[in-house]
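Notes follow the structure.
Position 1 is the first residue of the sequence; numbering continues from there.
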Amino acid sequence: MTVIETLPPTPLEGGDRRLRRLLRLRPEVEVTAQGGDVELTHPWGHQRVHALGERTVAALAELTRTHADLDDLVLDQARLLKLLERFPYLVTTTVADRLGAPLATAVPIARFAGLPGFARPTGPLVLSRFAYLRRLPEGDGESCVLESPMAPFRLTVHQAAGGAFVAALSTSRTAAEAALLAGLSAEEGEALAGLLAGGGFLEAGQGAEAPLWDFHDLLFHARSRAGRHDYPAGGVYSHQDVPQLPAVSGTGAREQGEGIDLPVPDWDTVVARDPALSEVLEGRRSVRSYADTPVTLDQLAELLYRVARVRRIIPGDPADPHGYDGVERPYPAGGATGELEVYLSVVKCVGLEPGVYRYDAAAHRLRPRPFQHPGEEAAFGELVTAAWRAAACSVDPQVLLTVTSRFGRLSWKYSQIAYALTLKHVGVLYQTLYLVATAMGLAPCGLGSGDTDAAARALGLDWTAESSVGEFLIGSRPTNVPRTAHRFADVVAAARAGEGLGENF
């Protein structure tokens with residue numbers, strides 16, 4: 001469940017019309033008082049504090065229900081303020097305007113967060129290039145949140161004027177100039193600027209902010225791992241109100257007929273023919289050249305069976321609200337979700353007509369997906385061209401494997417990590433393709449990029465429900481490219497001797 005900040009009462013008690021600076025414990029914090037001692041339970045664990053005194057303990061417990069004015073704490077509750085400074089990651093900080101309405105609340109989302117403070121920065125200010133403003137899915141009145149992978153806080157912006165102030169700082173301005181544009185007083189602008197600066201939302205200096213990261217990469221990294229956010233993550237089953245997708249895809253709208261049943265490889269033949277694992281591992285490489293004779297249907301059949309077939313369906317417990325059918329394949333997958341699908345864009349293959357096919361992994365069958373209009377055929381050409389470019393324009397593709405993810409199989413169970421998890425699955429699928437294709441004497445080449453829109457059009461998919469997440473070329477291996485290696489190749493001796501590692505390293 002996403003945390004929604006609780007607003008202080010509006011208007012706040014006290015009619016002195018001064019800007020208010022308010023502190024409160026995070027909504028999840030529980031205070032258990034035992035005389036003059038107290039135990040704090042919170043998302044990061046718990047702490048026990050001794051000999052606080054009953055008055056301080058009572059004031060601390062009150063902060064789970066209401067806000068305290070910082071000025072009052074300084075004058076009357078110095079001991080409590082010192083305690084809050086000891087556990088700053090449990091304390092929310094709100095700036096309220098002269099009418100008592102909250103402007104913004106800084107909520108710590110990482111344990112290393114400190115109290116943001118109210119220092120008023122001077123001179124020109126500019127918003128961090130990693131900061132972004134959005135609304136929360138659950139909604140919170142007119143509130144929205146400002147977040148950044150660089151910031152240990154989430155800033156809830158309670159008024160439109162606060163959002164306008166944030167937007168004004170997309171260009172370098174003083175707090176007073178931004179406040180004027182947002183319709184706020186200079187004092188309110190300075191207070192908001194202090195909250196932004198203390199929360200880590202302002203640019204620290206030219207080139208100081210993770211210069212080698214793109215915005216989306218840093219955000220993805222920070223949000224898909226623990227430590228820099230407080231959103232529930234992992235197998236939290238946050239979409240139980242939505243039916244789980246079936247373990248195995250059904251027949252698609254564009255798939256006609258019974259499909260093409262593929263031959264099942266013989267175990268004894270495969271085991272007798274395959275090189276040793278170490279020979280395959282050391283011989284594995286991306287091959288960007290092909291033999292004159294294209295790959296065959298039988299070779300594709302064996303590759304798909306050994307790499308991507310469904311070994312078995314693991315039935316879920318129908319009485320368990322978290323139960324779902326698991327999928328076992330030759331490669332590992334978190335939660336046995338089995339969300340990956342493989343589509344073939346065939347240009348040249350002995351025994352198979354050019355076109356698009358889906359691999360039916362349970363039946364070991366190819367499902368042709370005929371083009372329904374010229375736009376889909378054009379998209380097929382775009383896919384193949386994109387693969388040619390991704391392979392450095394070095395080889396005309398024979399067969400392009402497009403790996404897609406049925407995202408709902410993951411997001412039904414997993415929060416925050418679903419997309420990161422599907423990319424991990426793509427990685428192990430790539431390696432499995434590489435090893436089996438190498439053992440079979442084929443030419444494998446994993447690609448680092450693909451065209452999401454062209455794939456959706458060519459394969460007939462809704463890209464928000466099932467989209468391409470990986471591309472892999474398969475072709476016939478030329479005779480001048482060794483299939484395996486018979487000794488280890490490394491740079492260990494040279495590296496230990498301090499010698500140059502060569503142009504390939």
Considering only NZ, NE, NH1 and NH2 on the basic side and carboxylate oxygens on the acidic side, decide whether Arg26 and Asp230 come within less than 4.0 Å.
yes
Qualifying side chain to side chain donor-acceptor pair (under 3.5 Å) pairs with a residue from residues 323-334, counting only residues at least two apart or across chains:
Arg312-Glu328, Tyr324-Lys413
After noting the C-alpha distance and the side-chain angles of Leu473 and Leu401, does the key distance pass the side chain to side chain contact (heavy atoms under 4.5 Å, CB included) rule?
CA-CA 6 Å; Leu473 286 176; Leu401 305 182; over 6 Å; no
Decide, yes or no, whether a salt bridge links Glu376 with Arg254 under the criterion of side-chain N to carboxylate O below 4.0 Å.
yes
Determine, for Glu255 against Arg369, whether the closest basic-nitrogen to carboxylate-oxygen distance falls under 4.0 angstrom.
yes
Worked verdict on Ser345 versus Tyr357 for side chain to side chain donor-acceptor pair (under 3.5 Å):
CA-CA 7 Å; Ser345 295; Tyr357 303 82; over 6 Å; no
Qualifying ring-ring contact (aromatic ring centres under 6.0 Å, His included) pairs with a residue from residues 279-314, counting only residues at least two apart or across chains
Tyr305-His364
Side-chain donor-acceptor pair under 3.5 Å between His42 and Gln47, yes or no?
yes
Examine Tyr343 together with Tyr359 and report whether their ring centres are nearer than 6.0 Å.
no
Residue pair Tyr89, Phe112: steps toward the ring-ring contact (aromatic ring centres under 6.0 Å, His included) verdict
CA-CA 7 Å; Tyr89 48 88; Phe112 65 88; over 10 Å; no
Might you confirm whether atom NE2 of His46 has over 12 heavy atoms from other residues, nucleotides or ligands at distances under 6.0 Å?
no
How many angstroms lie between NZ in Lys424 and CG in Leu429, if you round to the nearest 0.5 Å?
15.5 Å
Pair Tyr414 + Tyr237: ring centers closer than 6.0 Å:
no
Show your working on side chain to side chain contact (heavy atoms under 4.5 Å, CB included) between Leu281 and Leu277 and close with a plain yes or no.
CA-CA 6 Å; Leu281 278 170; Leu277 175 62; 4.0 Å; yes
Spatial distance of atom OG1 (Thr385) from atom CG (Asp451) [nearest 0.5 Å]:
10.0 Å
Before you tell me yes or no, could you show the steps for Val469 and Thr404 under side chain to side chain contact (heavy atoms under 4.5 Å, CB included), namely the whole-Å CA-CA distance, both residues' side-chain angles and the distance that decides it to 0.1 Å?
CA-CA 5 Å; Val469 288; Thr404 67; 5.7 Å; no
Within a strict 4.5 Å, meaning less than it, do heavy atoms of the Arg389 and Ser449 side chains meet?
no
When you check the gap from the basic side-chain N to the acidic O, do Asp268 and Arg273 get nearer than 4.0 Å?
no
Start with the C-alpha gap between Leu297 and Glu302, add the side-chain angles, then the distance that decides, and say whether side chain to side chain contact (heavy atoms under 4.5 Å, CB included) holds.
CA-CA 9 Å; Leu297 177 60; Glu302 180 180 334; over 6 Å; no
Under the side chain to side chain donor-acceptor pair (under 3.5 Å) rule, what do Thr92 and Thr105 come out as? Steps first, then yes or no, please.
CA-CA 7 Å; Thr92 70; Thr105 299; over 6 Å; no
Hey, are Thr464 and Asp462 close enough side-chain-wise for a donor-acceptor pair under 3.5 Å?
yes
Does the pair Arg487/Glu282 count as a salt bridge with the N-to-O cut at 4.0 Å?
no
Measuring from Arg358:CZ to Leu461:CG, what's the distance to the nearest 0.5 Å?
10.0 Å
Is a salt bridge present between Glu203 and Arg129, judged by a nitrogen-to-oxygen distance below 4.0 Å?
no
For Glu466 and Ser405, which I'm curious about, is there any donor-acceptor pair between the side chains at under 3.5 Å?
no
With ring-ring contact (aromatic ring centres under 6.0 Å, His included) as the criterion, how do Phe130 and Phe201 come out once you've worked through the C-alpha distance, each side chain's angles and the decisive distance to 0.1 Å?
CA-CA 8 Å; Phe130 292 105; Phe201 295 102; over 10 Å; no
Using a strict threshold of under 4.0 Å (side-chain N to carboxylate O), is an ion pair present between Arg365 and Glu258?
no
